[in-house]
K.L.:
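Structure incoming, see below.
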Amino acid sequence: MPEKLDINSSIKLSTGYSMPLLGFGVYQNYTAKDSCLEAFKAGYRHVDSAQMYKNEAQVGEAVKESGLKREDLFITTKCASKTHGYESTLKGVDESLQRFGFDYIDLFLIHDPLSGTEKRLATYKALLEAKKAGKIRTVGVSNYGVHHLEEIKNAGLETPSVNQIELHPLCQQKPIVEYCQKNGIVVEAYCPIIRGDFSSPVLQSIAAKHSRDPAQILIRWSLQRGFVPLPKSATPSRIQSNAKVYDFELDDEDMRQLDSIDKGKEGAVSWNPVDAP
C-alpha cells in the first residue's frame, strides 16, 4: 500500500493491470449515466456495474460522453448465477461488451456462488477463455467464501485476481479477507458505507473527532485496511463527498475502535451469500 493515498492511488492486480483503489458502485442506480458523469467529475476512474444492474449501456454512454480516454478508466461487470454455465457465460460476455460499447472489459466477476460447483467452475473457465481472447483483462469473483476459492484452486485453475464481498466495520469477513491476502487476491468492499446506517456510537464519535461525515470515515477505514471500497450514490453532493477522503487520516486508535465493532455475519446488511454450498 502506498504511504500517502490520493484519488489516483491504485493497486496492481495479479494480471499486471492497475485498478484504482476507489470505485464507484452503480447498484440500483437508474440514472447511472448522470451519476457516472458526476463521479468522473469528482475524480473517480473506476465504475462497478453488473449484468444484473441493467445499466451497462448507461455506464458505456457516460464513458463516451465524459471525454476521458477508455484506457484511463477501469470498468467492472459481473454475471449472476441464473446465467452461469460455459456457453451462456461466453454469450453474456459478448452481450456485455455490446451494451457497454467497449472492445474490452477491465474486470469481469462471477457475481455470486449460488449456482453450485459444476456451474461455478464452467463459468470461471468461460471467463478465462474470454480473457485469453482479449475480451476481458482480469477475471475475479464476488461473494466467494474460502471454500469457493479453494474449489478453483483444487480444479487447478488460476487464482482469481479479485474477490468482491460485503465489507465494513460491522461485517469484516475476517477468514475470507485473510485467505485473499495470503493468496494475492485483491479484496473489494461492497456496502462500504453500510447502506447509510451510521448508528454506531464509535463511528459517530470518530466522525465528530475528525469533523467528517460517517461515510467518509467508513471509506477511509476501508482504504487504510487495503481494501478497494465501492461506495454507491445517485446524489451529486454525496458522490463528491465520498471521494473527499484524502485530506485526513484515521490514527491507530480510530482504526482499533472501528475494528472492534465487528459483528461477523450478523453485521451484514446485504444478501452476503458467502456460505452457499
Side-chain angles (χ1 to χ4, degrees), residues 1-2 5 7-25 44-51 56 59-60 63 68-80 84 86 89-90 92-97 100-113 120-146 148-165 167 176-190 222-223 225-230:
M1 285 298 292
L5 295 165
I7 189 113
N8 300 311
S9 295
S10 63
I11 189 162
K12 189 67 122 297
L13 300 172
S14 58
T15 46
Y17 291 102
S18 287
M19 172 166 74
L21 280 183
L22 180 66
F24 179 63
Y44 297 82
R45 293 293 178 267
H46 170 182
V47 178
D48 183 76
S49 183
Q51 292 173 346
E56 292 168 315
V59 172
V63 169
L68 296 165
K69 289 185 182 144
R70 173 66 185 93
E71 62 268 25
D72 293 339
L73 297 169
F74 189 98
I75 312 291
T76 298
T77 195
K78 320 178 189 78
C79 56
H84 287 178
Y86 187 80
T89 298
L90 288 177
V93 170
D94 288 339
E95 289 167 352
S96 284
L97 282 168
F100 279 124
F102 293 166
D103 298 328
Y104 68 89
I105 290 161
D106 294 279
L107 176 63
F108 210 115
L109 306 177
I110 294 183
H111 202 145
D112 64 81
R120 282 194 292 263
L121 289 174
T123 303
Y124 193 70
K125 284 175 186 162
L127 292 178
L128 293 178
E129 198 56 47
K131 174 162 83 90
K132 220 174 17 192
K135 296 174 181 184
I136 297 170
R137 288 189 162 177
T138 301
V139 174
V141 294
S142 180
N143 295 301
Y144 265 42
V146 171
H148 303 126
L149 295 164
E150 280 284 292
E151 173 180 282
I152 291 173
K153 188 176 163 183
N154 295 336
L157 298 169
E158 69 183 65
T159 306
S161 297
V162 169
N163 188 14
Q164 183 184 128
I165 52 175
L167 202 51
I176 302 175
V177 167
E178 207 173 291
Y179 181 94
C180 289
Q181 289 174 338
K182 258 196 208 128
N183 290 279
I185 301 169
V186 171
V187 177
E188 289 190 310
Y190 74 78
S222 207
L223 289 165
R225 273 275 159 267
F227 307 143
V228 175
L230 306 165

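Everything quoted here is computed from the prediction, not taken from an experiment.
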K.L.:
Determine the minimum heavy-atom distance between Leu22 and Ile7, stating which atoms define it.
P.N.:
CD2-CD1, 4.1 Å

K.L.:
Please name the pair of heavy atoms, one in Leu149 and one in Pro160, separated by the smallest distance, quoted to 0.1 Å.
P.N.:
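Looking at all heavy atoms of both residues, the closest pair is CD2-CG, 3.9 Å.
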
K.L.:
Answer yes when Asp72 and Arg45 have at least one side-chain N-carboxylate O distance shorter than 4.0 Å, and no when they do not.
P.N.:
no

K.L.:
Cation-pi check for Phe100 against Arg70: NZ or CZ below 6.0 Å from the six-membered ring centre and within 45 degrees of the axis, yes or no?
P.N.:
no

K.L.:
Taking it one step at a time, do Tyr17 and Asp106 satisfy side chain to side chain contact (heavy atoms under 4.5 Å, CB included)?
P.N.:
CA-CA 9 Å; Tyr17 291 102; Asp106 294 279; 6.0 Å; no

K.L.:
Could you grab the distance from atom OG of Ser49 to atom CG of Leu230, nearest 0.5 Å is fine?
P.N.:
11.5 Å

K.L.:
About how many Å separate CD of Gln181 and CD1 of Ile185, when rounded to the nearest 0.5 Å?
P.N.:
10.5 Å

K.L.:
Using the side chain to side chain donor-acceptor pair (under 3.5 Å) rule, take Tyr144 and Glu151 through it: C-alpha gap first, then chi angles, then the decisive distance, then the call.
P.N.:
CA-CA 10 Å; Tyr144 265 42; Glu151 173 180 282; 5.2 Å; no

K.L.:
Do you know which two heavy atoms are closest between Phe74 and Pro20, and how far apart they sit?
P.N.:
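That would be CB-CD, 3.5 Å.
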
K.L.:
Where do Cys79 and Thr123 come nearest, in terms of heavy atoms and distance?
P.N.:
SG-CG2, 3.8 Å

K.L.:
Can you tell me if Tyr124 uses its side chain to pair, donor with acceptor, with the backbone of Val139 under 3.5 Å?
P.N.:
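No; zero donor-acceptor contacts below 3.5 Å.
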
K.L.:
Would you check if Phe108 and Lys135 make a side-chain contact, meaning some heavy-atom pair closer than 4.5 Å?
P.N.:
no

K.L.:
For Thr15 and Arg137: C-alpha separation, side-chain torsions, deciding distance, then whether side chain to side chain contact (heavy atoms under 4.5 Å, CB included) applies.
P.N.:
CA-CA 8 Å; Thr15 46; Arg137 288 189 162 177; 6.0 Å; no

K.L.:
Report the C-alpha separation of Val186 and Met19 in whole Å, then their side-chain angles, then the decisive distance to 0.1 Å, and conclude whether the side chain to side chain contact (heavy atoms under 4.5 Å, CB included) test is met.
P.N.:
CA-CA 10 Å; Val186 171; Met19 172 166 74; 3.7 Å; yes

K.L.:
Distance alone, cut at 3.5 Å: any donor-acceptor contact between the side chains of Glu56 and Ser96?
P.N.:
yes

K.L.:
Using a strict threshold of under 4.0 Å (side-chain N to carboxylate O), is an ion pair present between Lys78 and Asp48?
P.N.:
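Counted as a salt bridge, because a side-chain N and a carboxylate O are separated by less than 4.0 Å.
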
K.L.:
Do you know which two heavy atoms are closest between Val146 and Ile176, and how far apart they sit?
P.N.:
CG2-CA, 4.0 Å

K.L.:
Side chains of Lys132 and Glu129: closer than 4.5 Å at any heavy-atom pair?
P.N.:
yes

K.L.:
Can you tell me how far the CG atom of Asn143 sits from the CD1 atom of Ile110, to the nearest 0.5 Å?
P.N.:
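Spacing of CG (Asn143) from CD1 (Ile110) equals 11.5 Å.
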
K.L.:
Once you round to the nearest 0.5 Å, how far does CG of Leu97 lie from CD1 of Ile105?
P.N.:
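Interatomic distance, Leu97 CG to Ile105 CD1, rounded to 0.5 Å: 4.0 Å.
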
K.L.:
Checking side chain to side chain contact (heavy atoms under 4.5 Å, CB included) for the pair Glu188/Leu107: CA distance, chi angles, key distance, verdict?
P.N.:
CA-CA 12 Å; Glu188 289 190 310; Leu107 176 63; 4.0 Å; yes

K.L.:
Roughly how far apart are Ile152 CD1 and Lys125 NZ, rounded to 0.5 Å?
P.N.:
11.0 Å

K.L.:
Would you say that Leu21 contacts Val228 through its side chain, given a criterion of any heavy-atom pair below 4.5 Å between the two side chains?
P.N.:
yes

K.L.:
For Ala50 and Thr77, which heavy atoms make the closest approach, and how far apart are they?
P.N.:
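It is CA-OG1, 3.2 Å.
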
K.L.:
Under 3.5 Å, is there a donor-acceptor pair between the side chain of His46 and the main chain of Thr76?
P.N.:
no

K.L.:
Check whether any side-chain heavy atom of Val47 lies under 4.5 Å from a side-chain heavy atom of Ile75, and answer yes or no.
P.N.:
yes

K.L.:
So, taking the atom named OG in Ser18 and the one named CD1 in Ile11, what distance separates them when rounded to the nearest 0.5 Å?
P.N.:
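CD1 of Ile11 is found 9.5 Å from OG of Ser18.
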
